[in-house]
Number of protein chains: 2
Amino acid sequence: MTDDDWTIPEITVAVDLAILTVKAGSLQIMLVKRGIPPFEDELALPGGFLESTAEDLDSAAARELTEETGLRAEDLHLEQLKTYGGLGRDPRGRVVSVCYVAFTPNLPAPAAGGDAREVILTPVDDVLRPQVTMAFDHKEIVADAVERARNKLEYTTLGATFCAPEFTITDLRQVYEIVWGERLDPRNFHRKITSVPGFLTPTGGRVTRQAGRPAALYRRGPATILHPAMLRT
Amino acid sequence: MTDDDWTIPEITVAVDLAILTVKAGSLQIMLVKRGIPPFEDELALPGGFLESTAEDLDSAAARELTEETGLRAEDLHLEQLKTYGGLGRDPRGRVVSVCYVAFTPNLPAPAAGGDAREVILTPVDDVLRPQVTMAFDHKEIVADAVERARNKLEYTTLGATFCAPEFTITDLRQVYEIVWGERLDPRNFHRKITSVPGFLTPTGGRVTRQAGRPAALYRRGPATILHPAMLRT
DNA sequence: CCAAAAGTGTTCCTCTTACACCCATGA
DNA sequence: TCATGGGTGTAAGAGGAACACTTTTGG
């Protein structure tokens, strides 16, 4: 920054959230239906304006998360995605939006608490269809968030944050398959994932979901990066 | 965003630039010495405030780039890094800074044109030493920018943007060695890099730098991602 | 000829892929 | 008992690491 003319341009800063989860066989995103103009009745990301006095960006994201969905930031992975500042993105004026992505396990209930009028979970594939529109430039943000999720599965242990506290290797593989939209060999996936030190810690428990041999249960381990990476084809 | 109370919190948006180059055997970053308070005489990233009426974020970054260094955005790689919005980061008030990283070949001359009082190139290793301080939270930003550069070398063809328009494979290898701070086997590097389709296009030219067999000259090819990736050890 | 840097060939090893096979349960 | 999913073994191939060796220049 090279300082000088200390004016206050009329710009507002918002924080928006792309909250992703895996549910019912698809990657879903939490959206709100707007209750007031602009874009009344259209779909938008949960979010709000940054309060200038009392919070940094990460705190603002955590606050909006709790206000609009009831989720707690400590329970999920929340990271900055990108900042959007196109000129025409908000008809009310100049709004720069700092966007965050969150990854959560199958949510207890969208629990439309707080500010939000109506909170819904939708498969991202539905939202990203060409004929579907969203408020502001939020559709582009959704696409970027999904892309981020897909990439992070490759080289981090993030996949497990989409799973319940205790999960089987098949649960985890299905997360990969759903997010990537790609079939994976269960045998090779099993071997690879169990060979990454610190990714999975066995609980000792076993479950039978539908039929067949019971699967071992695991919890998330301390590892955060995946080495060697799980590469897509 | 869930709209509602349409107030204008007193927040200012800045755009800062982390311009990286490889020069004289080290990874260097372009910094300005501040001429006025706060942080007078301290080192800072080039940047400035976002003009609310006429430019999106990318344009603002390109404008600041040209104003403060004389470089043109078309000639280099400029991408958004991260947004910094800590509470105490600017003593004048609440400033949210959208930061960009740029990668350029050995610069013609820091050419202190435009706003900047004094523009200097410094090795990032010097700047990141514990005893060195910078204005605002710019030291943290420098660290993040360097980290981004290191990672991008692994899976993109970005390394070539640090080289002159025509370069040898040894030039490119030295970029990797300098940015990563790690020796690479020249033979294996040569084989690997030439086997990536579209990364390098031979110009037919040859040069002898100091001694030995002349090296073939290459230009950047159309490829942008590196597959398979060049992994660090 | 010799030093030095460019570039090729070769071997070993790790990881991926594809798939045969065995294991443990419910019906 | 058989169907179903969990989990292991294994062989072929791709890519990485280490390094011997050849090529082409300047002095």
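All chains are named by letter (A, B, ...) in the order of the sequence lines, taking the proteins before the strands, and each is independently numbered beginning at 1.
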Chemist: Nearest whole angstrom, please: distance from the C1' of D:dG6 to the CG of A:Leu217.
Modeler: 12 Å
Chemist: Send over the distance from B:Leu231 CG to D:dG15 P, rounded to a whole Å.
Modeler: 13 Å
Chemist: OP1 or OP2 of D:dG5 sitting under 4.0 Å from any side-chain N/O of A:Gln210?
Modeler: yes
Chemist: Between B:Met230 and A:Val207, just flag the one whose closest nucleotide in DNA chain D comes earlier from the 5' side.
Modeler: A:Val207
Chemist: Once you round it to whole Å, what is the distance between P of D:dG7 and CG of A:Leu172?
Modeler: 12 Å
Chemist: Is A:Glu68 reaching over with its side chain to a backbone N or O of A:Pro46, donor-acceptor style, under 3.5 angstrom?
Modeler: no
Chemist: Got more than 12 heavy atoms from elsewhere within 6.0 Å of CD, A:Gln210?
Modeler: no
Chemist: Measure from CZ on B:Arg232 to P on D:dA17 and round the result to the nearest Å.
Modeler: 13 Å
Chemist: Considering only side-chain heavy atoms of A:Lys192, which listed nucleotide, C:dT16, D:dG16, D:dA17, is closest?
Modeler: C:dT16
Chemist: Just how far, in rounded Å, is P of C:dT16 from CZ of A:Arg183?
Modeler: 21 Å
Chemist: Going by the rule ring pair (Phe, Tyr, Trp, His ring centres under 6.0 Å), which residues pair with B:Phe162 if we only count those two or more places apart in sequence or in a different chain?
Modeler: B:Phe103
Chemist: Consider only side-chain N and O atoms of B:Arg191 and B:Asn188, and report whether a donor and an acceptor are under 3.5 Å apart.
Modeler: yes
Chemist: To the nearest angstrom, how far is B:Asp185 atom CG from C:dA5 atom P?
Modeler: 15 Å
Chemist: Just checking, is any N or O donor in the side chain of B:Asp144 or B:Tyr84 under 3.5 Å from an acceptor N or O on the other one?
Modeler: yes
Chemist: What nucleotide among D:dG16, C:dA4, C:dC15 has an atom nearest to a side-chain atom of B:Ala211?
Modeler: C:dA4
Chemist: From CG of B:Leu200 over to P of C:dA6, roughly how many Å is that when rounded to an integer?
Modeler: 14 Å
Chemist: Between P on D:dG5 and CZ on A:Phe189, what's the gap in Å once rounded to a whole number?
Modeler: 17 Å
Chemist: Would a distance-only check, ignoring hydrogens and angles, find a side-chain to backbone donor-acceptor pair under 3.5 Å from B:Arg148 to B:Leu81?
Modeler: yes
Chemist: Go through B:Thr21 and B:Met30 one step at a time and tell me if the side chain to side chain contact (heavy atoms under 4.5 Å, CB included) criterion holds.
Modeler: CA-CA 8 Å; B:Thr21 193; B:Met30 199 175 279; over 6 Å; no
Chemist: Using a cut-off of 4.0 Å between protein heavy atoms and nucleotide atoms, how would you tag nucleotides 7-12 of chain C 5' to 3' with B, S and -?
Modeler: BBBB--
